[in-house]
2 protein chains.
Amino acid sequence: MSKSASTIRDIARILGISKSTVSRALNNHYDVNSETARKVQELAAQLDYHPNLLAQHLKQQRTNTIGVVIPETVNRFFAKAVGGIQEVANRAGYNVMICQSNETLDLERNNLKTLMASKVDGLLISVSRETDQYDHLQYAIDKEVPLVFFDRIVEELMASQVYSDNYEISFQGTEHLLNQGCKRIAFIAGPQNLYNSRNRLNGYLDALKKHNITISESFIIYTNYQRNDIESYTRALFNLRERPDGIFAINDMAAIEIMHILKKRGLNIPKDVAILGFNNEDTCRFVEPTLSSIDHPAFDMGAAATEILLKQIHRDEITQEKRLIKSRLVIRESSNRIA
Amino acid sequence: MSKSASTIRDIARILGISKSTVSRALNNHYDVNSETARKVQELAAQLDYHPNLLAQHLKQQRTNTIGVVIPETVNRFFAKAVGGIQEVANRAGYNVMICQSNETLDLERNNLKTLMASKVDGLLISVSRETDQYDHLQYAIDKEVPLVFFDRIVEELMASQVYSDNYEISFQGTEHLLNQGCKRIAFIAGPQNLYNSRNRLNGYLDALKKHNITISESFIIYTNYQRNDIESYTRALFNLRERPDGIFAINDMAAIEIMHILKKRGLNIPKDVAILGFNNEDTCRFVEPTLSSIDHPAFDMGAAATEILLKQIHRDEITQEKRLIKSRLVIRESSNRIA
DNA sequence: TATAACAATTCAAACGATTGCACAGTGAAT
DNA sequence: ATTCACTGTGCAATCGTTTGAATTGTTATA
């Protein structure tokens, strides 16, 4: 039966006209007789014709599709960012192809390759936590594929980027803890190959410097965003002769888990230890005490990155645009010693 | 410069041979001279040749891509399911194109249309909460596109499905609350056009019937998975002369929010009110008291659905397979009155 | 010496669309 | 009657692949 979809060729044959006319009629081309156009469109509807996008894109040399490479959708930040991406892209008539690197460099490479071979019109990328080589990214840039980094940007590469003020907000967060009377603030840092993680660490360090607090290496824990080591480094921290009285953690999950452990040890949050997380997940509002955190507008970052990308695609020139999306310190009970 | 990517035509011209030979050499076709093959592959590498997937797929009439339509990636269940999908698909050499319906029927229709026009080899679908018409789904089935529903299935349609035992687990969850001594269990139900929601409600109802508990309509709240009305229906429930002493909520977020409200009212969980959620989000372990919930193996469901789909694609025949992935009741403090 | 067998390659059509150019037909202006 | 302008349509090439059939050249066989 109609197992195979109908094509402009079918329409042409039935109507006894040429493919070109059909194509023009369907695309509302100016120089086709309105009567012919009507007949074509009618028959197209009747035959349930839909243009084959593969053919169309091959011919047109663009796909109206933007490729997205993110670490993981289970990471709510990226899930939300994808929302912003879709919103803007769809409104502009673009489709979105989402790939996850699962936080690995290997998959990130593969994803990029596939997207490029699929001839996406542009790329939105947030690199994996493993990404410490940039050849694949440089390659895409060399090929002049419009590309915008967002959130997990790579500073060294000549590409547009949408980033948040990790340094400043981390500085501010640390000062907040200091203002609450914390003297010994531990910092749970993320993977140091990520620009964001480095900035966050630097914000913390500089805030301590500004307030003339001696920096103690044993108060800085380098992690991988993974969770299996939380118990052990928390124990290590609290077995020190000088225990921390404040903790700034790289993400809320770590913060919550730490809080959990400390509460079990009989410590009072925030009295004994004030805690500040990162990402402002919904959960922050439901744990006890409620968790202070840093809010990044994920949706907005995705949307902004997409806007810049689309602009770049349409301008057809490679410009480098940098857009800052500001983060926000959300103070709740876990770090509020004063109220 | 090399603005445009190189093609088999370039390779052919440089080597002074025909495109066909190049194509065959690159695909390790049997009847090409090994010396020629070597030269072709060498030059291909040198020119950084990558086949244009659009052209390849157009010619081959398959895309090695499966299309996925889900409500939202911010819903962790679906984010995890996508993980399982990617895992199985990638291992089998397939790419995945993910579309979100944002829980709307309109977008679901659009997504489906785009995916079909892009000639994906198969479809994995979990319908939106709005989906109460099935024409678009039936359309895909009529076109003989291999299709597997997962989690949010549509029972009426002749397609494979991966589902979880919503009825049974809901029955079991209700019995659990009854065993804890609850006499007046309220049920926060999901949208009734969803098969899953109806099953969950029925499981609850039948469990009450089995235990000869009178069913009270005012104890059944119909929601939309949305959160803005939680406060108001909770108030309504607890202003009844006969207040509930147990709540079975359609998802953890609702459960947690309700718990929050009740705690503020000075009620003890689980003593005064036992609470059971759905989905077993990470948060359950961190709220106080910890939240009992129903765990659905999201990753496994995605993986299973993909396996079935791939089998169907390869067999090239339409079979209807149904696979049950069992859910699991996870009892924590919020519903444990005995320990 | 003609021919069959075989390997290696080329030719050309196909996938389904778009588009520059040519051309036929019509009516108006010269 | 010739030229011109203009509208509507068709031809054929093109995008980058794959692939059945035809062709070439070489060697073995009768």
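Lettering follows sequence order; numbering is per chain, from 1. Values reported hereafter were calculated over all heavy atoms of this structure, with side chains retained and with hydrogens, waters and symmetry mates removed.
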Checklist entry - Rounding to a whole Å, what distance do you find between A:K19:NZ and D:dT14:C1'? => result 10 Å

Item to check | Phosphate OP1/OP2 of D:dC15 contacted by A:Q60 side-chain N/O (<4.0 Å) | outcome: no

Checklist entry - Closest to the B:S23 side chain: C:dT10, D:dT9, D:dT18? => result D:dT18

Item to check | Whole-Å gap separating C1' (C:dA17) and NZ (B:K119) | outcome: 12 Å

Next on the checklist: What's A:I17 touching, base or sugar-phosphate or nothing? Going by heavy atoms closer than 4.0 Å.
Outcome noted: sugar-phosphate

Checklist outcome for this item: B:L26 atom CG is separated from D:dT19 atom P, nearest whole Å, by 13 Å

Checklist entry - Nearest nucleotide by nearest heavy atom, which residue falls closer to the 5' end of DNA chain D, B:H29 or B:L58? => result B:L58

Item to check | Length of the NE2-P vector between B:H57 and D:dT19, whole Å | outcome: 13 Å

Next on the checklist: Nearest whole Å is fine: how far is C:dT18 C1' from A:R62 CZ?
Outcome noted: 11 Å

Checklist entry - Are A:K39 and A:E35 ion-paired here, with the side-chain N under 4.0 Å from a carboxylate O? => result no

Item to check | N/O donor-acceptor pair, side chain B:R24 with base C:dT10, under 3.5 angstrom | outcome: yes

Item to check | Minimum-distance nucleotide (side-chain atoms of B:S18 versus D:dT9, C:dT10, D:dC15) | outcome: C:dT10

Checklist entry - When all nucleic acid strands are considered with a 4.0 Å heavy-atom cut-off, which category describes B:L54: base, sugar-phosphate, or nothing? => result nothing

Checklist entry - Under 4.0 Å between a side-chain N or O of A:N33 and OP1 or OP2 of D:dT7? => result no

Checklist entry - Using 4.0 Å as the upper bound for N to carboxylate O, is an ion pair formed by A:E87 and A:R91? => result yes

Checklist outcome for this item: Whichever of B:A55 and B:V32 has the more 5' nearest nucleotide on DNA chain C, that residue is B:V32

Checklist entry - Is there side-chain contact between B:Y195 and B:R152, with at least one heavy-atom pair below 4.5 Å? => result no

Checklist entry - Counting just side-chain N and O atoms, does A:Q61 come under 4.0 Å of either OP1 or OP2 of D:dG16? => result yes

Checklist entry - Is any side-chain N of the basic residue among B:D48 and A:K143 closer than 4.0 Å to the acidic one's carboxylate O? => result yes

Item to check | Interatomic distance, B:R9 CZ vs D:dA13 P [rounded to whole Å] | outcome: 12 Å

Checklist outcome for this item: Here the gap from B:Q320 atom CD to B:Q312 atom CD, rounded to the nearest 0.5 Å, amounts to 9.0 Å

Next on the checklist: Looking at C:dC15, I'd like to know if its phosphate oxygens (OP1 or OP2) sit under 4.0 Å from a side-chain N or O belonging to A:T7.
Outcome noted: no

Next on the checklist: Is there a side-chain contact between B:R129 and B:E72 in this structure, where contact means two heavy atoms from C-beta onward sitting under 4.5 Å apart?
Outcome noted: no

Checklist entry - Where each residue is assigned the nucleotide of DNA chain D containing its nearest heavy atom, which of A:K59 and B:K59 is assigned the position nearer the 5′ end? => result A:K59

Item to check | Minimum-distance nucleotide (side-chain atoms of A:T21 versus C:dG16, D:dT9, C:dT18) | outcome: D:dT9

Checklist outcome for this item: Regarding the side chain of A:N52, the nearest nucleotide among C:dT9, C:dG20, C:dG16 is C:dG16

Checklist entry - In whole angstroms, how far is the P atom of D:dT17 from the CG atom of B:N64? => result 16 Å

Next on the checklist: Just the rounded figure in Å: distance from P of D:dA5 to CG of A:D31.
Outcome noted: 18 Å

Checklist entry - Any idea which of C:dC11, C:dC15, C:dT18 is nearest the B:S20 side chain? => result C:dC11

